[in-house]
Amino acid sequence: MGKNITLTVIKADVGGFVGHSSVHPELLETARGILTGSPLLIDFCVTHVGDDINLIMTHETGKDNGEIHQLAWDTFASCTRIAKKLKLYGAGQDLLSDAFSGNIKGLGPGVAELEFEERGSEPVIVFMADKTEPGAWNLPLYKMFADPFNTIGLVIDPKMHKGFLFEVCDLIENKKVTFSCPEELYDMLVFIGAPGRYVIKSVFQKETKEIVAASSTQKLNLMAGRYVGKDDPVLLVRCQSGFPAVGEVLEPFANPHLVSGWMRGSHTGPLMPVPVVNSNPTRFDGPPRVVALGFQLCEGRLLGPQDFFADPSYDLARQKANEIANFIRSMGPFEPHRLHLDEMEYTTLPEVSNRLKDRFEKMRLS
Ligand code: F6R
Ligand code: MG
Ligand code: MG
């Protein structure tokens with residue numbers, strides 16, 4: 001067995017430029033400078049989606065490694081110092097603790113990691129989204145790994161024909177369950193169709209048990225004992241040779257689906273596929289964006305990125321997303337554009353209810 005490679009992506013919003021729309025170039029340069037000096041990494045790519053900095057890193061120290069998480073924490077802490085100096089918006093907002101304590105999970109930044117033995121050729125895609133939540137990956141992951149209308153390989157590639165295993169987390173009760181598909185598709189859909197609570201964490205090939213995909217599932221809004229915001233998610237997917245092809249992995253995004261997030265983390269809107277350069281959400285702080293960066297791994301080195309959604313074949317998806325955005329915006333503060341009361345990141349309900357409580361009268365039931 002060769003040595004395992006770990007692909008780790010850690011992301012945080014440590015200050016927006018301007019407002020919550022993008023990242024100041026000095027922050028990206030600061031992050032690059034710090035990672036360049038690290039002996040822990042084989043390679044890295046520092047990039048962003050909207051106001052989130054994404055550290056894409058490869059190394060041989062395995063998943064959940066304290067030193068790698070420390071490196072990311074220190075990088076975000078240094079970026080926060082610059083963000084504060086420049087008075088960027090919400091400087092340090094995702095660093096919920098003053099001190100790092102060994103593992104970055106639960107402290108604010110989002111993490112997705114894949115540990116595997118690098119194949120003869122190893123194409124991977126890093127998806128990064130802004131103004132939405134980890135459950136936004138449920139529908140595309142279902143299409144990639146379980147829907148033959150999306151992934152023809154499930155039907156005609158003997159290496160994929162047996163299907164995949166899906167690990168699903170219940171973010172409210174902190175439990176997980178694994179579904180074997182296609183046999184348990186209908187059971188699984190009962191849960192993953194409710195992406196605010198049930199989130200696909202990982203996907204494995206059924207026969208070999210090899211890990212194929214991993215998402216970030218930290219739900220920031222339930223952390224630190226209070227509702228502090230939706231956690232803009234990342235997703236890592238290995239492609240080809242018995243896993244879905246690059247084009248099968250990208251295909252779900254050709255048809256934008258509705259996700260939770262957008263303005264004040266309290267609205268439903270379409271997920272628009274865009275290249276990095278167009279990933280800055282502006283209209284009503286949105287609509288939510290997704291970027292897909294492709295890399296070929298070579299002994300852990302990251303060859304790339306290919307900015308996949310720069311391709312004009314996603315133009316229609318963007319147009320459709322704009323049309324859906326226009327339509328749903330016309331509903332203003334009404335559900336389902338505004339999220340259900342339990343899901344909103346901002347609410348004035350307790351204060352207004354309290355102020356008006358004496359004006360509410362009991363109603364008779366007849
Ligand atoms: C959504 C988001 C923005 C802000 C909005 C208000 O995830 O980041 O839509 O919620 O711009 O921000 P504040 O309350 O900071 O003025
Ligand atoms: Mg922000
Ligand atoms: Mg963000």
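The basis for the numbers below is simple: all heavy atoms, side chains too, and nothing from hydrogens, waters or symmetry mates. Whatever order the structure lists them in is the order used to number ligands and atoms, beginning at 1.
S330 places a side-chain N or O within 3.5 Å of a backbone atom of F327 that can act as its donor or acceptor partner.
Aromatic ring centres of Y314 and F309: separated by under 6.0 Å.
Side-chain atoms of S121 and Q296 include a donor-acceptor pair closer than 3.5 Å. Q93 and D13 share a donor-acceptor pair across their side chains, judged by distance under 3.5 Å alone.
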Output side-chain donor-acceptor pairs under 3.5 Å for residues 286-294, partner residues at least two apart or in another chain, one line each.
{"unit_1": "R289", "atom_1": "NE", "unit_2": "P287", "atom_2": "O", "d": "2.8"}
{"unit_1": "R289", "atom_1": "NH1", "unit_2": "N278", "atom_2": "O", "d": "3.1"}
{"unit_1": "R289", "atom_1": "NH2", "unit_2": "G286", "atom_2": "O", "d": "2.8"}

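Set against the non-hydrogen atoms of W262, the atoms of ligand 1 under 4.0 Å away are 1 (C), 7 (O), 9 (O). Every atom of ligand 1 with a heavy atom of M263 under 4.0 Å away is listed here by number and element: 9 (O). Atoms of ligand 1 lying under 4.0 Å from any heavy atom of Y89, numbered from 1 in the order shown and given with element: 13 (P), 15 (O), 16 (O).
The residues R264 and E345 are annotated as not salt-bridged, no charged nitrogen and carboxylate oxygen being separated by less than 4.0 angstrom. A salt bridge is defined here as a Lys NZ or Arg NE, NH1 or NH2 lying under 4.0 Å from an Asp or Glu carboxylate O, and E167 with K201 fails to meet this definition.
Excluding waters, the set of protein N, O or S atoms lying under 2.8 Å from the Mg ion (ligand 2) comprises D13 OD2, H20 ND1, D51 OD2.
The N, O or S atom of D130 lying closest to the Mg ion (ligand 3) is OD1. Within D232, the N, O or S atom lying nearest to the Mg ion (ligand 3) carries the name OD2.
No N or O atom of E345 sits closer than 3.5 Å to an N or O atom of ligand 1. The shortest N/O to N/O separation between D285 and ligand 1 falls below 3.5 Å.
The closest approach between any non-hydrogen atom of G265 and ligand 1 is below 4.0 Å.
When the shell of 6.0 Å around NZ of K206 is examined, it contains more than 12 heavy atoms from other residues, nucleotides or ligands.
Here E118 pairs with nothing under the salt bridge (Lys or Arg N to Asp or Glu O under 4.0 Å) rule; sequence neighbours left out.
Within the structure, side chain to side chain donor-acceptor pair (under 3.5 Å) pairs that include any residue of residues 315-326 comprise N255-K320, R283-N326, D315-R318, Q319-E323 (at least two apart or interchain).
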